[in-house]
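Okay, so here's the structure we're looking at.
Since the model is a prediction, treat every value here as computed from it, not as a measurement.
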Amino acid sequence: MNRFSDLQKTYDASSVEDRIYANWEKSGVFNPDQLPERNQAGDPYCITMPPPNRTGTLHMGHATMLAIEDLLIRFQRMQGKRTLWIPGTDHAAIATQVKVEQLLMKQGMKNPREFLGREKFLEEVVKFAEESKNTINKQVRKMGCSCDWSRERYTLDTERSRAVTHMFKMMFDDGVIERGYRIVNWDPQFQTTLSDDEVLIQETKAKLLTFTYDADFPIAISTTRPETKFGDKAVAVHPDDTRYKDFIGKTFHPVFCGKTLTIKIIGDEAVDPAFGTGALGVTPAHSMIDADIAERHGLETTAVIGKDAHLLPEVGSDFVGLSILEAREKIEKHLRSAGVLLSVEDIMQNLPVAERGGAAVEQLPMEQWFIRVNKLFALRNDTLGKWKKGEMVSLKELMIEAVESGEINIVPERFNKIYFHWINHLRDWCISRQIWFGHRIPVWYRAQADTSVVEKEMMISETSPGEEWIQDPDTLDTWFSSGMWSFSTLGWPNKKMWEEHRDYHPNAVLETGYDILFFWVARMILMSTYALGEVPFKNVYLHGLVRDEQGRKMSKSLGNILDPLDLIPKYGTDAVRLSLVMGTTPGQDVRLSEAKIEGFRNFTNKLWNISRFILLQIGDADVTNPTPEINQTTFVDRWFLQRQREVIFSVTDKLSKYQFSSAAEELRDFTWNDLADWYLEISKIEKGKEMQLVWALHTLLRLWHPFMPFVTEYIWGLAGFKGDCITAVWPEGSHLPLRHSEYDAFRSLQEIISNMRRLRSEQGIEPAVKVEFALIADALSKDLVLNNTEIICVLARASSVHVVESFPAGWPSVVGTGVTIAVNALAMVDIEKEKEKIAKELTQLEAYVVLTEEKLQNEEFLSKAPEKVTQAMEKKLLEAQTKIQALVAKRTLLG
RNA sequence: GGACACUUAGCUCAGUUGGUUAGAGCACCUCGUUUACACCGAGGGGGUCAAAGGUUCGAAUCCUUUAGUGUCCACCA
């Protein structure tokens with residue numbers, strides 16, 4: 001009986017997690033300024049949490065993000081970095097506003113915005129956003145995140161709003177932000193513009209009409225959108241198209257559905273002569289493509305569709321005020337009766353729809369604010385080590401250089417290409433939105449008696465410059481403020497605060513889902529390179545999307561959502577976190593099921609029981625500061641320590657390369673196989689390993705901590721180890737020597753035992769094993785001292801078989817020359833087959849060596865081949881020669 | 001239409017510059033409750049690495065072609 005006798009057989013996560021989290025939070029270790037001294041002196045390491053939208057609760061995608069980021073932060077903290085993880089939330093402008101609107105409508109309010117007015121409505125949104133934040137923060141804590149709550153940020157808080165205004169002014173002064181009358185994506189449902197990224201393409205059925213404007217017009221055109229044709233200014237054909245060549249340059253005045261149009265026939269390379277009639281009716285106001293053509297040919301723009309998706313007065317008489325669908329039908333009838341409708345064809349068409357709400361998106365010309373990505377401006381800072389202050393560049397160039405130069409490293413690499421492709425096709429970014437929730441555009445106009453806004457006088461200001469000024473009613477795209485997230489969170493542009501936090505920027509890594517590479521990652525690069533002249537982060541790690549067992553997206557309508565809040569009480573946070581990290585690779589979607597999480601719950605419990613076993617062994621001994629006790633160890637202990645050092649080295653290496661899954665798998669194998677199945681089992685026979693076991697536990701807990709913070713911290717405390725696991729020093733590993741005799745010997749031993757177990761299991765015999773120890777002069781290691789009785793003991797007990805010793809003459813007086821165990825007593829290895837294989841491989845390798853050596857001596861070859869190639873060849877040659885040596889040694893061993 | 005991936009055990013996936021007999025988890029089969037753990041232990045079966053060709057002493061890995069799957073981007077009026 002000792003102080004650990006009462007520990008339960010199964011680990012109960014739910015009873016300890018909250019308490020542990022509270023202790024961490026209270027101790028202040030989440031805050032870099034309160035970390036132990038070694039961290040204070042360490043290099044800064046900062047992650048800014050991608051701020052979850054304040055639209056409700058977190059889902060598995062967020063949980064993945066949190067699990068990975070916390071892993072990184074904990075790993076770096078234990079390694080002695082001055083770690084800062086900044087939590088925060090995003091106001092998410094349109095998403096949140098729409099959500100609240102829907103909630104209010106559900107409660108019976110018909111048109112909430114109209115009913116409440118801007119101020120009251122916004123109050124409702126703010127209230128909802130606040131509640132969301134509380135829920136989200138609670139969930140982030142549940143996930144065990146070691147983020148610095150004293151630095152919590154919000155995209156819409158005072159400091160961040162100030163940063164937004166500051167940025168807007170900078171960009172405006174540089175001519176990067178500009179007000180312009182251009183075609184934008186318009187969502188008629190929510191009455192706002194949308195960025196290109198907020199528009200989705202949906203395949204829908206459509207009628208393709210082929211017709212002429214009137215009976216006298218010579219060229220037929222096709223369209224699925226006849227209602228826009230009132231705004232046509234030209235018919236474009238390919239300049240080489242012989243059918244229409246002669247018309248180019250002429251102007252016609254057809255009467256289309258009662259409206260007289262002015263149609264110029266123009267030649268443009270963009271027209272595909274093979275599609276439809278080979279002629280395109282150009283509608284500059286309602287198609288981005290057409291607008292490009294119109295610009296090339298100096299055509300006017302006349303809008304014929306209004307913000308409500310109904311026709312404007314410009315269309316004339318019969319059609320004014322009709323909705324798009326009504327107009328479409330009526331025009332078709334009209335064309336038919338006029339005898340100019342040549343054909344009607346049902347086709348599948350790609351229709352742009354709003355990502356939120358799903359309404360068909362109209363392309364309308366409007367006066368809006370834009371960030372111009374191709375516009376040249378004078379740099380305010382030396383930038384990216386390539387440009388000097390004052391040089392003229394465009395935002396696009398900055399965005400490309402940041403990644404191309406290697407200043408930013410994207411994991412996985414293939415997203416580089418996707419990123420470049422996107423940047424190269426980037427258009428100007430429309431940043432004004434006609435919604436209420438968000439950063440109001442900080443532009444003020446001098447009001448006139450007339451209500452229409454006159455822009456003669458305009459100024460940028462955070463607050464009202466005077467009574468006669470009115471503010472632009474629009475708000476900014478939510479990504480404008482999130483684009484600044486890597487540095488606005490650090491206090492920019494507030495001088496004092498920014499200077500204090502300057503060395504946390506660039507952030508060490510941005511960890512997020514690949515689905516927002518464009519939305520967010522690209523825009524952060526834009527903002528940071530523009531405003532600071534440096535990248536926002538050095539690495540980008542993109543995780544995959546969480547899908548259900550069958551690979552489907554999780555959605556409410558499918559009812560296949562796994563909610564972290566349900567799973568955590570059931571399986572424990574550590575198990576949930578492991579399930580999101582193990583078996584996943586960057587950029588690859590994750591299939592998640594409860595069964596998988598259950599598996600990791602089982603592993604958590606395994607770790608618990610390993611610990612419990614060790615603690616029961618040590619009893620009441622003081623283990624505040626365990627050490628490896630290396631001097632009193634036996635062969636088995638030395639094997640284990642070596643194995644452990646190797647695992648530490650490998651896991652550390654993998655973690656620093658973002659190979660989380662591989663690192664965790666290696667750790668699990670080590671924990672389960674090497675420690676639990678072998679070392680612990682042997683320790684039941686070879687007594688006196690208590691201190692080694694404690695050391696093993698001490699190391700193991702530290703290694704697992706970044707993955708499973710709760711259970712490790714809990715056991716750490718139970719054991720009475722010094723300090724907290726969260727700030728413990730990350731263990732130090734080392735490479736395994738190329739050939740390590742004790743290690744090899746133990747592997748052989750494992751193999752022997754496995755084989756004996758198989759014999760017993762398959763043939764039901766209890767073999768009396770005769771083991772011969774063959775002495776091998778091992779050139780590579782001469783330091784092995786093998787205690788034979790020890791081996792016999794392990795063999796005998798671990799496999800419950802009788803062992804008959806058989807030593808060569810002189811044993812064991814020859815210890816110290818290097819010994820490997822050779823087994824032939826059971827003929828478990830098919831020696832003949834093995835020999836054959838070795839012979840074959842030797843032949844191959846020897847042939848290669850001869851060939852390569854010849855080549856390397858051939859002067860003609862050497863004169864032609866670049867140095868790089870010969871160096872690589874020499875390296876390979878050396879490898880092959882080493883391998884040959886090893887094979888020869890093995891052959892000798894087999895006799 | 002363009003781009004990027006993927007295709008490895010019944011399922012989900014690893015496999016990092018080409019190199020012992022291609023791995024893991026789950027599932028399956030057999031056996032086992034001696035005080036760490038049945039959320040367990042021991043053992044086992046199962047893959048011509050999508051197909052074909054090429055480079056190489058050697059290919060799941062590099063190249064070419066084909067087939068299938070997925071994702072992103074663009075969009076035809």
### Task
Check whether the ring centres of W704(A) and F707(A) lie less than 6.0 Å apart, and answer yes or no.
yes
### Message
Any base atoms under 4.0 Å from T224(A), or only sugar-phosphate, or nothing? Heavy atoms, all strands.
### Response
sugar-phosphate
### Task
Check every strand shown and say whether A676(A) touches a base, only sugar-phosphate, or nothing at a heavy-atom separation below 4.0 Å.
base
### Message
Can you measure N602(A) atom CG to rG41(B) atom C1' for me and round it to whole angstrom units?
### Response
14 Å
#### Entry: K207(A) and E345(A) ion-paired at < 4.0 Å
no
### Summary
Taken to the nearest whole Å, NE2/H425(A) to C1'/rC75(B) is 11 Å
### Message
Taking any heavy-atom pair under 4.0 Å as a contact, classify T10(A): base, sugar-phosphate, or nothing.
### Response
base
#### Entry: NZ/NE/NH1/NH2 to OD/OE distance under 4.0 Å, K570(A) and E594(A)
yes
### Query
Has the side chain of K606(A) got a donor or acceptor atom sitting under 3.5 Å from an opposite partner on the base of rC37(B)?
yes
#### Entry: Side-chain N or O of W422(A) closer than 4.0 Å to phosphate OP1/OP2 of rA3(B)
no
### Query
Are more than 12 heavy atoms from other residues, nucleotides or ligands located less than 6.0 Å from atom NZ of K654(A)?
yes
### Message
Whether K417(A) contacts rA3(B) is assessed here as follows: a side-chain N or O lying under 4.0 Å from the phosphate OP1 or OP2. Is that the case?
### Response
no
### Message
Quick check: F217(A) with F211(A) (ring centres under 6.0 Å apart)?
### Response
no
### Query
NA contact type, R547(A), heavy-atom cut-off 4.0 Å: base, sugar-phosphate, or nothing?
nothing
### Message
Can you measure F519(A) atom CZ to rC72(B) atom P for me and round it to whole angstrom units?
### Response
11 Å
### Query
Looking at rC75(B), does its base get a donor-acceptor pair with the side chain of N350(A) below 3.5 Å?
yes
### Task
Examine the base of rA24(B) for any acceptor or donor lying under 3.5 Å from a partner atom in the side chain of E666(A), and report the outcome as yes or no.
no
#### Entry: Separation of atom CG in L351(A) from atom P in rA77(B), rounded to whole Å
10 Å
### Query
Would you say rC40(B) has OP1 or OP2 under 4.0 Å from some side-chain N or O of K9(A)?
no
### Message
Counting only side-chain nitrogens and oxygens, does R601(A) get under 4.0 Å of the OP1 or OP2 atom of rC39(B)?
### Response
no
### Query
For rA14(B), does OP1 or OP2 lie under 4.0 Å from any side-chain N or O of T585(A)?
yes
### Message
Using OP1 and OP2 only, check whether a side-chain N or O of N609(A) sits under 4.0 Å from rC40(B).
### Response
no
### Task
Just call it for I614(A): base, sugar-phosphate, or nothing, with non-hydrogen atoms closer than 4.0 Å on any strand.
nothing
### Task
Determine: side-chain N/O of Q349(A) to OP1/OP2 of rA77(B), distance under 4.0 Å, yes or no.
yes
### Query
When the C1' atoms of rU55(B) and rU65(B) are considered, how many whole Å apart are they?
15 Å
#### Entry: Whole-Å C1' distance, rC28(B) and rG47(B)
16 Å
### Whole-Å distance separating the CD atom of Q202(A) from the P atom of rA74(B)
16 Å
### Message
I'd like to know if E549(A) reaches the base of rU12(B) with its side chain, counting only an N/O donor and acceptor under 3.5 Å.
### Response
no
